[in-house]
Amino acid sequence: MPSISTILSAYASLSAAIMLFRTILSQMLPSEIRNYIFLKLSQSLSHFSPNFTFIVEERWEAVSNHTYRAVETYLPTIIATSIDSLLIGSANLLKPHNLDLRISVDCKIIDEFQGMKLEWSLFRETIKFYHRDELRYSYRLKCKKTERAKVMASYLPHIATTAQTILSMRENLHIYTYNKRNCGSGWESAIFKHPARFDTLAMDPERKAEIINDLEAFVRRKEFFWKVGRSWKRGYLLHGPPGTGKSSLVAAIANRLRYNIYDLQLQSVRSDAELRRLLTSITGRSILLVEDIDCSIKASLDRTKVRDEQEEYGEDEPDHRFSSSDPGITLSGLLNFTDGLWSSFEDERLIIFTTNDKDKLDPALLRPGRIDREIYMGYCTFAAFKQLADSYLQIDNDHLFATIENLLKEVSVTPAEVAQQLMKIDEPEGILESLIEFLKLRKGKLRSENEEGK
Ligand SMILES: Nc1ncnc2c1ncn2[C@@H]1O[C@H](COP(=O)(O)OP(=O)(O)OP(=O)(O)O)[C@@H](O)[C@H]1O
Ligand SMILES: [Mg+2]
């Protein structure tokens, strides 16, 4: 049996011969034949190489690759002294633990894990994509062939969990909205800094506690979801009149769970295929938010109808808002992507729909499994008022509270309206009196409306 050094020196001589051969061939043969010969040759050579390379591309089946994001987050945590440059993202420089760092192209990083030596590098290449030149990045992980199974069984899961922990500790949450012009995943992100929290949210304390318990149970029960064969996601429907805190509740949930928000405006999505591309590039630990679901589905379905009619009647001049690549989305498309087989892409996801009028919704949307919990956000109760008084005025009792309690039983005002009254900072002394005036006016208006109606 030949020694390792004999094999290596044979390998080196063969490589040198191939280089020479390549130079001669490149001058004599057309490029297609040349490429074929080199491909076959390198395939046979790789038989002798002791190394194996994992390639993690930026996009996978046309959508962004979560493994790539995990590697990108993980690598800066193992930076050794061998590195002499790093990229810094737009993070807060005053908080070093929170910096967004990336490695630069062609630099190599060695990681050691359970006795294995693993070499990482970042590649960049230009490829042709729909007649355009596009830059594509990929991370390459070189390990020994004999360690390939161990890398897959322990090292890659280690990267996934480390990246997830880092991302969940990052201070900034993001809100993503759809931008047609963004040729990547289509999502455009902004930093999400909404002040709403559960302790400032005005609603009955028992219902608030129920929602918090439900969320915490969801986060804890990964194993349970797996055991019963369900994807780890949960659907909420928030309904109630405008100004009752539906959007504030979504913000409070995102802040509490440290989840990013994907704000999906169905009206601007042009087709089911586009919807699928958007939904499959959503990362885990996130909220998929569809606000005013009744209006947005209607707008999108109307769009589909207009197109169908145009096609049926053979209109020469279609509505300029629509093009042939703009067929609109369908309700079944939406349900399939949020709930059917296409929905299982990434775990730990809340899907939240909001509406002002639950009765307008298609019953298909409300079936159990799609919507796991309905939350009614109603008019301001006395308990909700006390929460607002505590947040806005820092008072938990007053002799006027009893009058306010009685008035709130008789009139329907939203927490937004009450909050607006409590914000009249130019007259802080008489704020409760002015709120009582406001409620009495509303009561008078209500009474005269009722009398007119008789
Ligand atoms: N329950 C609440 N607790 C605390 N603040 C509230 C509550 N409801 C409304 N507000 C205040 O009113 C403003 C509007 O509330 P929000 O946008 O959450 O209402 P909404 O139910 O989403 O309304 P819409 O149906 O019009 O979208 C908020 O900025 C918040 O300050
Ligand atoms: Mg809202």
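Whatever order the structure lists them in is the order used to number ligands and atoms, beginning at 1. FYI, side chains are in, hydrogens and waters are out, and symmetry mates aren't considered; it's all heavy atoms of this structure. Each residue takes its place number in the sequence, starting with 1.
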Is I212 close to R256 at the side-chain level, that is, under 4.5 Å between some pair of heavy atoms?
-> yes

Heavy-atom nearest neighbour of atom 30 (C) of ligand 1 within options S247, A416, S248 = S248

for atom 5 (N) of ligand 1, nearest protein heavy atom and its distance come out as L388 CD2, 4.2 Å

Element-labelled atoms of ligand 1 that are located less than 4.0 Å from some non-hydrogen atom of K246 | 18 (O), 19 (O), 20 (P), 21 (O), 22 (O), 23 (O), 24 (P), 25 (O)

Identify whether the distance between the nearest side-chain nitrogen and carboxylate oxygen of E410 and K443 falls below 4.0 Å.
-> yes

Could E147 and K117 be called an ion pair, given the rule that one side-chain N must be under 4.0 Å from one carboxylate O?
-> no

Is any NZ, NE, NH1 or NH2 atom of the basic residue among R69 and E72 found under 4.0 Å from an Asp or Glu carboxylate oxygen of the other?
-> yes

Close N or O approach (G245, ligand 1; < 3.5 Å) | yes

May I ask you to check whether S248 brings an N, O or S atom to under 2.8 Å from the Mg ion (ligand 2)?
-> no

Taking 4.0 angstrom as the limit, do R373 and D214 come out as a salt bridge?
-> yes

Identify which of G243, P195, A202 has a heavy atom lying nearest to atom 23 (O) of ligand 1.
-> G243

For atom 26 (O) of ligand 1, the closest protein heavy atom turns out to be P242 CB, 3.5 Å

Should you measure from each heavy atom of L201, which atoms of ligand 1 turn up under 4.0 Å away?
-> 3 (N)

Just wondering, more than 12 heavy atoms not from K386 lying within 6.0 Å of its NZ?
-> no

Under 4.0 angstrom from ligand 1, any heavy atom of T200?
-> yes

Within reach of ligand 1, part of N356 (heavy-atom separation under 4.0 Å) | side chain

Begin with the C-alpha distance, continue with both residues' side-chain angles, and end with the deciding distance and a verdict on salt bridge (charged side-chain N to carboxylate O under 4.0 Å, His left out) for R140 and E119.
-> CA-CA 8 Å; R140 312 236 164 150; E119 184 187 296; over 6 Å; no

For atom 31 (O) of ligand 1, grab the closest protein heavy atom and report residue, atom and distance to one decimal in Å.
-> Y392 OH, 3.9 Å

If you have a sec, work out which protein heavy atom is nearest atom 6 (C) of ligand 1 and how many Å separate them, to one decimal?
-> P415 CB, 4.1 Å

If every non-hydrogen atom of L422 is compared with every non-hydrogen atom of A389, which pair is closest and at what distance?
-> CD1-N, 4.0 Å

